[in-house]
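Everything below concerns the one structure shown next.
Computed from a predicted structure; not experimentally measured. Protein chains get the first letters and strands the later ones, always in sequence-line order, with residue 1 at the start of each.
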Amino acid sequence: MDDRYRPREIEPRWQKMWHDTKMYFVKEDAMKPKFYTLVMFPYPSGDLHMGHTRNYTIGDLIARFRTMQGYNVLNPMGWDSFGLPAESAALKEGIHPSVRTPDNIARMKEQLYKTGMIYDWDREVASYQPDYYKWTQWMFLLMYERGLAYRKRASVNWCPSDQTVLANEQVVNGQCERCGAEVIKKDLTQWFFRITEYADRLLNDLDLLEGWPERVRTMQRNWIGRSTGAEMEFPVEGHDEKIKVYTTRPDTVFGATFLVLAPEHPLVAVITSAEQKQEVESYITLARKRTDIERLSTEKEKTGVFTGAYATNPMNGERFPIWVADYVLGTYGTGAIQAVPGSDERDHAFAIKYGLPIMTVVQPEGEFVVAGDDPAVAPVLKQGSDVPVYTGPGVMVNSGPLDGMPTTESKDATIALLEAEGKGKRATSYRLRDWLISRQRYWGAPIPIVYCDDCGEVPVPLEQLPVVLPTDVEFTPDGQSPLLRVESFVNAPCPRCGKSARRETDTMDTFVDSSWYFLRFCDPHNTEAPFDPAKANYWTPVDQYTGGVEHAILHLLYSRFFMKVLADAGWVQAQEPFLRLFTQGMITLGGAKMSKSKGNVVPVDDMIERYGADTARLFVLFIGPPDEDAEWSDRGVEGMHRFLNRVWRLFEGKVTVGSGSSHGQALGDYSKSDRDLLRKVHLTISKVTFDIERFHFNTAVSAIMELANTMQAYRDAHGPQTSAYSEAATNLLLLLAPMAPHIAEEIWQASGGSDSIHRQPWPAVNEELAAAEVVTVVIQVNGKVRDKVELPADVGQDEAINAAMQSERVKQYLDGKEPKKVHYVAGRLVNIVI
RNA sequence: GCCGGAGUGGCGAAACGGCAGACGCAAGCGACUUAAAAUCGCUCGGGUGAAAGCUCAUGCGGGUUCGAGUCCCGCCUCCGGCACCA
């Protein structure tokens, strides 16, 4: 072994060995338990920084750890390589994305290689390649066949900067998630996936995902936003139409004093009276012009206009006015509400502004008086601001058959009443909208649809896939799909009748590409199908998925949707794609996320050059709890480099490693100091194993450091040539192997270890060696530590308490008196209560 | 407003209801060296004390318990998600 630790010499050597021997290439193996670990595949932007390294180091550690534990481990890598960033960069630099993308991939692959990441590269996929997106198009057709892909004209989100439509999920606070531009609404005919059909299952199955962070499950629950209530029909005076209303508080129907329609509601034009027509139309025009941001900023001030029409309350026959207001959303519920200003703050504000009647129908329990007994407490139909709004629980008043009923029962009772009289029914509503997948941009998978004058919209048949994305395209965005300009692409024969027809020219949202890639990894070379179900069923669900929390809704919800659709179609068995999810924190520099544009990156190449990959890897594991953000520290990384140098020196002077947990001698043959060292070894095995299992990598590294410190002290006293030291050294390397794989491999092979260290079994805890011989029992008086005493590990309660009572300190506190009570925690603590 | 998560030394952080601050960074002192680097050793939450020790201390206020950073109740602050969703 070299006398100095030289990572630049040893790391490339072992990387080559792992790579050349295809050490981590795997096949299905029914005899072994499988473990599918996956890190979210990256967008190939070019250069990796330490934020990425944290992510991939965790993935690599899991793969190596589970392999040593005897699992058949699938750890693949691929490239999420369609999408806007490549296109924007290409426009800026004048390099075509089809050239730039493979270059970037090659660069990132090289950096992963140099960091010692191991993947089954035989399974590499890239979503921009035709042999991948052929199957993305197949997925579209599957959706289409099952009635889950459809085209409709709708008011959609449009990013004026990126010049394309966006999914709801890609609009954050009224701004484009990618570029921050203010999103506007446009009426366009677009393709959607009917994810709302799966809303219930996507919500309910979140309960099964116990291996997911609570935070992510909550975010998905909020996003799906299920509420339950009722739909009710309100007849319109002088018209046959009835207005359907959705409400979560059907029990307050007796307090409804007007109806409100969203500006987009189709009945607005039908029911509006001649006198009000002009006012209503100009209001609607105004409302449509407002962006989401404007609507948010005017949150307090509600606006609306009277339609001139009247409706009848189905429960009590009351006649009341119908208004139009944009505080009611056209896209939620039925786009129409019953306004109950006595029980809803928004309706109350609106009623006050426009002088509409307010009536109390719910009263707080304690204040209940029989309706009519005291008009001051139970006001009947009053106008003005003196009738307060009350939204809490209570008792129904002014509500006919519901009077006196507590609100805990009134909701169900009202629904029963509505259903019995045929005036309404129980209903559920969701915040989730269908997923808009069309994009008017170039760098994506073409939507496999042809429009024929005779046959209409025709899906491209499987044997004609892929619909290839042409490369000779002028793709500067102008609000229209760039593919429209390519005659040879647009003009295509109708697959059904053969007459000349036109192709769909929009491409798919890149989130479609990434919604199924984890399945392609199971069978990446299949030319007949997206994957062989038998192989997919062997590997899926993914046992451990790792990635950034920024995908909590978009990617993770879409993938779950795809998995359920594929399960329904019989392609997979699992209902959920990702069994356990880990969301790692960012690494920040100067308090901000590392990013090239901000210029605050620590490139992984620099770290490898200066300290080697193992130092970089170990440091990002040690930097803090892996699910929390952590600030980069140059000093910290130097400390970690010092540690690896210390490890190196522990092996100076012919230290021999053997098999991990065997020890040739009986326990009694070891000296006291040997036994102490071995105890530390086995306690460390136990702690590191436990900590890796529960993703506490920072404390796993600490534990290994402690072991190294203990070994150093032992070595200073007894030298390295003892069997106890050899066993300690062996286990130290094995524990370090998944985290710092190169140095572990180098020392292993230089110290007589057989084969690769990465093919050794993970060390087992020897309970006999781990067992303590003596314990330090803490002696408390009234819960405060006053003394400690060393006792044999198998000490009984009586001896321990006895020993405690002998303590001089305890005697001082007792002052001759008898203790009131004594608590004993076996082998740990005696608490004397005085 | 609703829903999650988090508040511990100078810093990153540890602690099955049982010795608060492991491990590391920074800092200080010392050894080695002509010197520096590297390496090694010691100190390192506050107050008090010569020391042993005593005492205060895990965002704030209560509570449960022999014993609370940890459990319960009520607050405060920060981070994240949702939000005119009827």
Output a table of donor-acceptor pairs, distance under 3.5 Å, between side-chain atoms of residues 823-834 of chain A and any protein atom two or more places apart or on a different chain; print 'none' if there are none.
{"unit_1": "A:Tyr824", "atom_1": "OH", "unit_2": "A:Gly827", "atom_2": "N", "d": "3.1"}
{"unit_1": "A:Asn831", "atom_1": "OD1", "unit_2": "A:Gly783", "atom_2": "N", "d": "2.9"}

Q: Please tell me which of the listed nucleotides, B:rA26, B:rA13, B:rG24, lies nearest to the side chain of A:Arg642?
A: B:rA26
Can you give me the N/O atom pairs linking the protein to nucleotides 27-30 of chain B at distances under 3.5 Å, or say none if there are none?
none

**Q.** Listed partners of A:Gln220 passing side-chain contact (heavy atoms from CB on, under 4.5 Å), at least two apart
**A.** A:Leu206, A:Trp212, A:Leu556, A:Leu557, A:Arg560
Q. Going by heavy atoms closer than 4.0 Å, what residues in residues 711-720 of chain A are next to RNA chain B?
A. none
**Q.** Of residues 551-558 of chain A, the positions that come close to RNA chain B - non-hydrogen atoms, cut-off under 4.0 Å
**A.** none
Q: Sequence neighbours left out, what pairs pass salt bridge (charged side-chain N to carboxylate O under 4.0 Å, His left out) with at least one residue falling in residues 244-257 of chain A?
A: A:Glu231-A:Lys244, A:Arg249-A:Asp251
Q | Distance below 4.0 Å between A:Arg431 side-chain N/O and B:rC84 OP1 or OP2 | A | no
Q | B:rA6 phosphate, OP1 or OP2, under 4.0 Å from A:Arg215 side-chain N/O | A | no
**Q.** Per-nucleotide protein contact string for nucleotides 44-58 of chain B, where B marks a base within reach and S marks sugar-phosphate only (heavy atoms under 4.0 Å, - for neither)
**A.** ---------SSS---
**Q.** Under the 3.5 Å Watson-Crick or G-U criterion, the dot-bracket string of RNA chain B, with | for inter-strand pairs
**A.** (((((((..(((.....[....))).(((((.......))))).((((....))))..(((((..]....))))))))))))....
Would you tabulate the pairs of protein nitrogen or oxygen atoms and nucleotide nitrogen or oxygen atoms of nucleotides 68-74 of chain B closer than 3.5 angstrom?
none

Q: Respond yes when some side-chain nitrogen or oxygen of A:Thr218 is under 4.0 Å from OP1 or OP2 of B:rG80, and no when none is.
A: no
Q) Base, sugar-phosphate, or nothing: which does A:Arg221 touch, judged by heavy atoms less than 4.0 Å apart? A) nothing
Q. Syn or anti for B:rG12, taking syn as within 90° of 0?
A. anti
Q | side-chain contact (heavy atoms from CB on, under 4.5 Å) involving A:Tyr354 - partner list, sequence neighbours excluded | A | A:Thr303, A:Trp323, A:Phe350, A:Leu356
Would you be so kind as to tabulate the donor-acceptor pairs closer than 3.5 Å made by side chains of residues 796-808 of chain A, with sequence neighbours excluded?
{"unit_1": "A:Ser807", "atom_1": "OG", "unit_2": "A:Asp787", "atom_2": "OD2", "d": "2.7"}
{"unit_1": "A:Ser807", "atom_1": "OG", "unit_2": "A:Arg809", "atom_2": "N", "d": "3.2"}
{"unit_1": "A:Ser807", "atom_1": "OG", "unit_2": "A:Val810", "atom_2": "N", "d": "3.2"}

Q. Within the structure, does a side-chain N or O atom of A:Asn645 lie under 4.0 Å from either OP1 or OP2 of B:rA38?
A. no
Q.
For residues 204-216 of chain A, which residue pairs pass the salt bridge (charged side-chain N to carboxylate O under 4.0 Å, His left out) check, not counting sequence neighbours?
A. A:Asp205-A:Lys564, A:Asp207-A:Arg221, A:Glu214-A:Arg217, A:Glu214-A:Arg221
